[in-house]
Visitor: 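Next up is a structure, given as structure tokens.
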Amino acid sequence: LGDVVINPENGGTGYKLKTLEALAYGMPLVATTAGAIGVAEPFKNHLFIADSPKCFADAVNKLFHDTELLKTISTNAHQWIKEYKEKLTREFLQNSPA
């Protein structure tokens, strides 16, 4: 297990399971805009979006060299996925037949 998850995906559609899984484990994540479809909004400092090789490298280096930032992003990722699951549960229950 590493300290940072990266998702450099440049295409595709729908939710990115590896991205959701990283957030569920509270892993700091660096992803392209395409790799963060469905999880970048509302942005709450729970991941880094990087769409160029330089931005990707800068984000990963920043996380490796700043342990407090690494911990903060990890905590934020875990909190974001918790709120996301609660939102999905509410929507499911509201739309379920009685």
Side-chain angles (χ1 to χ4, degrees):
L1 192 59
D3 292 329
V4 175
V5 174
I6 63 169
N7 185 353
E9 182 177 341
N10 283 320
T13 60
Y15 287 99
K16 309 306 179 208
L17 294 181
K18 66 183 126 219
T19 297
L20 288 170
E21 186 175 24
L23 295 172
Y25 279 102
M27 295 296 298
L29 172 69
V30 181
T32 59
T33 299
I37 289 174
V39 301
E41 297 297 331
F43 187 73
K44 294 183 179 179
N45 298 321
H46 63 288
L47 57 89
F48 281 89
I49 303 293
D51 286 316
S52 73
K54 180 175 180 353
C55 289
F56 232 94
D58 289 347
V60 171
N61 280 326
K62 191 173 191 176
L63 286 166
F64 280 145
H65 290 100
D66 187 340
T67 55
E68 286 304 311
L69 178 62
L70 188 80
K71 289 176 190 174
T72 298
I73 296 296
S74 178
T75 299
N76 292 349
H78 194 265
Q79 183 62 34
W80 187 91
I81 201 75
K82 179 182 173 196
E83 291 172 12
Y84 179 73
K85 288 190 289 187
E86 290 170 357
K87 176 184 174 255
L88 289 180
T89 300
R90 279 191 308 275
E91 288 174 2
F92 176 78
L93 293 173
Q94 288 173 353
N95 296 320
S96 293

Visitor: Considering all heavy atoms of both residues, which atom of Ala50 and which atom of Val30 are nearest to each other, and what is their separation?
Guide: CB-CG1, 4.0 Å

Visitor: For Asn10, is there any backbone N or O sitting under 3.5 Å from a side-chain donor or acceptor partner on Thr32?
Guide: no

Visitor: Strictly distance-based, threshold 3.5 Å: is any side-chain N or O of Asn45 a donor or acceptor partner for the main-chain N or O of Asn76?
Guide: no

Visitor: How many angstroms lie between NZ in Lys18 and CG in Leu29, if you round to the nearest 0.5 Å?
Guide: 11.0 Å

Visitor: Backbone N or O of Val39 within a donor-acceptor pair of the His46 side chain at under 3.5 Å?
Guide: yes

Visitor: Has the side chain of Asp66 got a donor or acceptor atom that lies under 3.5 Å from a matching backbone atom of Lys62?
Guide: no

Visitor: If you round to the nearest 0.5 Å, how far is CG of Asn7 from CZ of Phe48?
Guide: 15.5 Å

Visitor: Return the minimal non-hydrogen interatomic distance between Ala34 and Glu9, and the atom names on each side.
Guide: CB-O, 3.6 Å

Visitor: Looking at Gly35 and Thr19, what are the two nearest heavy atoms and their distance?
Guide: O-OG1, 2.6 Å

Visitor: Looking at CD1 of Ile81 and CD of Glu86, how far apart are the two atoms once the value is rounded to the nearest 0.5 Å?
Guide: 11.0 Å

Visitor: Can you sort out the partners of Glu83 under salt bridge (Lys or Arg N to Asp or Glu O under 4.0 Å), two or more places apart, ordered by chain and number?
Guide: Lys44

Visitor: Among Leu63, Val60, Leu23, find the one that has a side-chain contact (heavy atoms from CB on, under 4.5 Å) with Pro28.
Guide: Leu63

Visitor: Ion pair present between Lys54 and Asp58, side-chain N to carboxylate O less than 4.0 angstrom?
Guide: yes

Visitor: Rounded to the nearest 0.5 Å, how far does CG of Leu69 lie from NZ of Lys71?
Guide: 11.5 Å

Visitor: State, yes or no, whether a side-chain contact exists between Tyr84 and Leu20 at a heavy-atom distance under 4.5 Å.
Guide: yes

Visitor: Would you please name every residue forming a ring-ring contact (aromatic ring centres under 6.0 Å, His included) with Tyr25, sequence neighbours left out?
Guide: none

Visitor: Please tell me whether Leu88 and Leu93 are part of a single hydrophobic cluster in this structure, the criterion being side-chain heavy atoms less than 4.5 Å apart.
Guide: no

Visitor: Can you tell me how far apart CG (Leu47) and CE (Met27) are? Round to the nearest 0.5 Å.
Guide: 13.5 Å

Visitor: Using a 4.5 Å cut-off on heavy atoms from C-beta on, say whether the side chain of Leu70 contacts that of Val4.
Guide: yes

